[in-house]
Amino acid sequence: MRIARFSIDGNVAFGAVEGEGPDGLVLDIIKGIPYTDFELSGTKVPLSKVRLLPPVLPNKVVAVGRNYAEHAAELGNEVPEAPLTFFKPTTSVIGSGDAIEYPSFSDELHYEAELAVVIGRMCREVPRERVKDVVFGYTCANDVTARDVQKREKQWARAKGFDTSCPLGPWVETDLDPADVTIQCTVNGEQRQLGRTSDMIRSIEDLVVHITEAMTLLPGDVILTGTPAGVGPLNVGDEVAVTIQGIGTLTNKVIKRG
């Protein structure tokens with residue numbers, strides 16, 4: 001099931017996405033929130049009549065760096081001995097169709113297409129065999145990075161945590177086997193990245209176990225699982241799209257901040 005979060009007439013709701021094709025999609029509004037047992041209201045609105053919001057409002061976004069060997073190599077980095085994790089703040093999260101604001105303190109903005117894991121229940125110290133029980137679903141993500149700042153400052157908080165640096169969407173797909181799906185990034189319609197989740201160094205199970213050894217994850221929290229090779233620059237006016245097999249396409253345009 002595809003679960004979207006949207007606004008219409010000033011109200012925010014969740015809905016199940018039904019239909020196919022850009023003109024055939026409708027939202028069946030969900031009663032309540034989707035992390036527990038929920039009912040569909042039967043009230044349907046065309047997707048074209050609503051504004052898609054970030055599909056979740058995470059308490060935290062835990063991101064994983066250098067989880068694809070070819071991406072680590074293209075930036076001259078070694079594969080880390082343990083998962084390299086960092087945070088992106090909730091203020092960095094935007095939805096599909098929202099603008100990425102080019103930060104004033106950077107001259108080298110990069111896209112990074114990623115599969116995002118959405119957590120569905122509060123969990124800590126999750127054993128490998130229970131990981132599927134705590135995952136609500138999956139969505140597309142773009143770990144937008146001020147690469148020059150990342151290199152200069154070493155610590156990644158500003159480079160990867162600035163406002164609008166974490167596009168998520170367009171919705172959460174709850175019925176997906178993420179073990180071997182394609183991840184593609186295009187800029188202005190030109191393909192820049194093409195990889196498969198099967199090339200991850202550490203699996204989703206590995207990452208959930210590793211992260212929850214240290215911290216409690218809450219419903220709606222997000223794990224970014226790393227990006228394949230092919231990262232590169234974004235400029236003001238560019239339209240960047242992340243497409244993941246079985247989920248959909250996350251699209252954002254880059255604008256000048258201010």
Side-chain angles (χ1 to χ4, degrees), residues 1-35 38-61 88-103 111 113-116 118-120 136-144 161-174 176 185-189 219-222 224 234 236-244 246-258:
M1 181 178 288
R2 295 169 290 181
I3 305 293
R5 182 171 162 269
F6 64 96
S7 66
I8 184 171
D9 297 329
N11 299 308
V12 176
F14 289 93
V17 183
E18 301 176 352
E20 298 296 336
D23 298 323
L25 296 177
V26 297
L27 292 162
D28 192 336
I29 297 175
I30 290 172
K31 296 179 180 179
I33 59 174
Y35 303 120
F38 63 85
E39 295 181 10
L40 297 176
S41 67
T43 300
K44 300 184 180 183
V45 294
L47 187 67
S48 60
K49 300 296 184 182
V50 308
R51 178 192 170 200
L52 283 178
L53 301 174
V56 291
L57 282 179
N59 174 270
K60 52 189 169 293
V61 177
K88 293 175 83 82
T90 57
T91 49
S92 69
V93 175
I94 59 174
S96 189
D98 292 337
I100 298 167
E101 297 181 357
Y102 203 116
Y111 54 82
E114 309 204 6
L115 175 71
V118 179
I119 298 300
F136 175 62
Y138 304 89
T139 192
C140 306
N142 192 343
D143 177 18
V144 183
F162 60 89
D163 291 355
T164 75
S165 66
C166 190
L168 297 174
W171 42 65
V172 176
E173 174 57 70
T174 62
L176 179 76
C185 179
T186 64
V187 177
N188 301 325
D221 280 352
V222 170
L224 305 188
L234 288 171
V236 172
D238 285 346
E239 183 176 84
V240 57
V242 176
T243 301
I244 299 181
I247 299 176
T249 299
L250 164 69
T251 303
N252 303 92
K253 191 168 184 177
V254 182
I255 67 171
K256 183 178 180 180
R257 176 178 285 186

(message) Whether the side chain of T139 engages the backbone of L168 through a donor-acceptor N/O pair (distance < 3.5 Å, no angle test) should be reported.
(response) no

(message) Run the side-chain contact (heavy atoms from CB on, under 4.5 Å) test on I247 and L176 for me, step by step, so that the C-alpha distance in whole Å, both residues' side-chain angles and the decisive distance to 0.1 Å come before the verdict.
(response) CA-CA 8 Å; I247 299 176; L176 179 76; 3.8 Å; yes

(message) Quick check against the 3.5 Å criterion: does N252 have a side-chain atom that pairs as donor or acceptor with the backbone of S96?
(response) no

(request) Check whether any side-chain N or O of T164 sits under 3.5 Å from a backbone N or O of E101 as a donor-acceptor pair, and report yes or no. (result) yes

(request) Rounded to the nearest 0.5 Å, what's the gap from CD1 on I3 to CZ on F136? Could you check? (result) 5.0 Å

(message) For E239, is there any backbone N or O sitting under 3.5 Å from a side-chain donor or acceptor partner on N188?
(response) yes

(request) Scan V240, I94, T251 and name whichever one has a side-chain contact (heavy atoms from CB on, under 4.5 Å) with N142. (result) V240

(request) Report the C-alpha separation of W171 and L27 in whole Å, then their side-chain angles, then the decisive distance to 0.1 Å, and conclude whether the side-chain contact (heavy atoms from CB on, under 4.5 Å) test is met. (result) CA-CA 11 Å; W171 42 65; L27 292 162; over 6 Å; no

(request) Answer yes or no: is there a donor N or O on one side and an acceptor on the other, between the side chain of T174 and the main chain of M1, under 3.5 Å? (result) yes

(request) Please round to the nearest 0.5 Å and tell me the distance separating atom CG of D143 and atom CD of E114. (result) 4.5 Å

Could you go through residues 44-58 and list every donor-acceptor pair under 3.5 Å that involves a side-chain atom there, pairing it with any protein atom two or more places apart or in another chain?
{"residue": "K44", "atom": "NZ", "partner": "E18", "partner atom": "OE1", "Å": "3.0"}
{"residue": "R51", "atom": "NH2", "partner": "D98", "partner atom": "OD1", "Å": "3.0"}

(request) Pick out which of T90, I119, D221, V222 makes a side-chain contact (heavy atoms from CB on, under 4.5 Å) with K60. (result) D221

